[in-house]
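In what follows, a single structure is set out as structure tokens and then discussed.
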There are 2 protein chains.
Amino acid sequence: MPLEKTEAAKLLTEIVLLTFRLEGGFLSAADKISGPAGLTAARWKVLGAVLYEKRSVAEIGRVMGLARQSVQRLADILVSEGLAAYEDNPAHKSAKLLAPTEEGYARIARLADRQTGWANRASQGIDAAELAATRDMLARLITHVEATDVPA
Amino acid sequence: MPLEKTEAAKLLTEIVLLTFRLEGGFLSAADKISGPAGLTAARWKVLGAVLYEKRSVAEIGRVMGLARQSVQRLADILVSEGLAAYEDNPAHKSAKLLAPTEEGYARIARLADRQTGWANRASQGIDAAELAATRDMLARLITHVEATDVPA
DNA sequence: GGTTACTTGACAGTATGCTGTCGTTTATCT
DNA sequence: AGATAAACGACAGCATACTGTCAAGTAACC
């Protein structure tokens, strides 16, 4: 006899599928927004993670929920393109801190208006309170999912 | 002078980042759930899309929000592994319909209980009405995002 | 019926992100 | 201080998903 899903579990299962689909749409939009500034969605993510605070590669991975190795690759590309640079980390000899260069900041500035315009249009006609509730629930789900282990 | 974000746009921007992160968590869980049944998250998605209805590759792509070519690759793999088969499409000479084989159905059955258990645990303590509201908002956002074009 | 537009599958190339593994560096514990 | 554990960067290999392009099939239009 198969296991029974709770009401919440049924809804969560629907949310999983919708999240996959929504992520695809967001990613596609992010690529189109960042393309004209010479960036991709993934590089924008990494550069954005160090805009206001220098971070090590591993730290960026934790903040964005990505594997260390994925970030390492993108960070190296950003450095090779002159959009970011590794700076010495007083707290760690080999784990250098990534920080945007002037050109890196300039690239982000070039897409800011495009991102704002997109966000304004895409959120048009949607109640802010409902969006805030959705944001809070997504944050809560992230916590729950990361704490839920899957038995081998 | 930079463009101004509406309140809803600010919230949407936060939701974008949370969605990226949540998708990563869901994907990781889906891989762990489907692994013991000899599937991956991506193959489970495609097989799941034809469980109750045969579909062409392009149709699966539309339903799941994926590129035709991505689905084609996975569908070919499923067929080569004997988990699905292409059947003649009376309405189109070359666009065959994908359908699970008996073994394909069996694989899905093998992970059903694991998925249910995960969903029950991960949704524990979360109000069903709030989850339903989130689900509805995600569906709405998908529609909005897919209708919002990004100027070149 | 024939032209045109769209859909579909196929193939190639690329970007993203994962796991696994290794040696080094840092932190912890006794 | 020394041993153990954990974190970090580096490298390799692989899965997933994208864009671009082409030929063939289907639908729409005149």
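Remember, it's a predicted structure, so these values are computed and weren't measured experimentally. Every chain is numbered from 1, with letters handed out A, B, ... down the list of sequences.
Checked against C:dA15, C:dC18, C:dG9, the side chain of A:Thr40 finds its nearest nucleotide in C:dA15. For B:His92, counting side-chain heavy atoms from C-beta on, the closest listed nucleotide (C:dT8, C:dA15, C:dC18) is C:dT8. Picking from C:dT16, D:dC8, D:dC18 the nucleotide with the shortest atom distance to the side chain of A:Ala58 gives D:dC8. Of all nucleotides listed (D:dG20, C:dG9, D:dG9), D:dG20 comes nearest to the side chain of B:Gln69. Here D:dG9 is the nucleotide among C:dT8, D:dT16, D:dG9 with the atom lying nearest to any side-chain atom of A:Arg68.
Remark: P of D:dT16 and CD1 of B:Ile77 are 6 Å apart, rounded to the nearest angstrom. In this structure, CD of B:Gln72 is placed 14 Å from C1' of D:dA17, rounded to the nearest angstrom. Distance CZ (B:Arg62) to P (C:dT7): 8 Å, rounded to an integer number of Å. Between the C1' atom of C:dT16 and the CD atom of A:Glu23 lies a distance of 11 Å, rounded to the nearest Å. Between B:Leu74 atom CG and C:dG9 atom P the separation is 14 Å, expressed in whole Å. A straight line from CD1 of A:Ile60 to C1' of D:dA7 spans 15 Å, rounded to a whole angstrom. In this entry the distance linking CZ of B:Arg43 with P of D:dA15 reads 7 Å, nearest Å. Taking atom NZ of A:Lys93 as the reference point, atom P of D:dA7 lies 20 Å away to the nearest angstrom.
A 6.0 Å sphere centred on NZ of B:Lys54 holds no more than 12 heavy atoms belonging to other residues, nucleotides or ligands. Taking a 6.0 Å sphere around NZ of A:Lys96, one finds it holds 12 or fewer heavy atoms contributed by other residues, nucleotides or ligands.
At a threshold of 4.5 Å between non-hydrogen side-chain atoms, the residues A:Leu51 and A:Ile108 count as touching.
A salt bridge links A:Arg107 and A:Glu103; the closest N-O separation between the charged side-chain nitrogens and carboxylate oxygens is under 4.0 Å.
One finds no side-chain N or O of A:Arg73 lying less than 4.0 angstrom from the OP1 or OP2 phosphate oxygen of D:dA12. Residue A:Ser70 places none of its side-chain N or O atoms closer than 4.0 Å to OP1 or OP2 of C:dT16. Remark: A:Lys45 is not in phosphate contact with C:dT16, judged by side-chain N or O atoms under 4.0 Å from OP1 or OP2. Listed pair A:Arg55 / D:dC8 fails the phosphate criterion, with no side-chain N or O lying under 4.0 Å from OP1 or OP2.
When each of A:Ser94 and A:Ala42 is assigned the nucleotide of DNA chain C with its nearest heavy atom, A:Ala42 is the one assigned upstream, toward the 5' end. Mapping A:Lys96 and A:Gly24 onto DNA chain D by nearest heavy atom places A:Lys96 at the nucleotide closer to the 5' end.
A:Ser123 places no side-chain N or O within 3.5 Å of a backbone atom of B:Leu12 that could act as its donor or acceptor partner. With hydrogens and angles disregarded, no donor-acceptor distance shorter than 3.5 Å links the side chain of B:Asn120 to the backbone of A:Ala9.
Counting non-hydrogen atoms under 4.0 angstrom, A:Leu27 reaches nothing in the nucleic acid. Residue contacts for A:Ser28: at a heavy-atom cut-off of 4.0 Å it reaches no nucleic acid atom on any strand shown.
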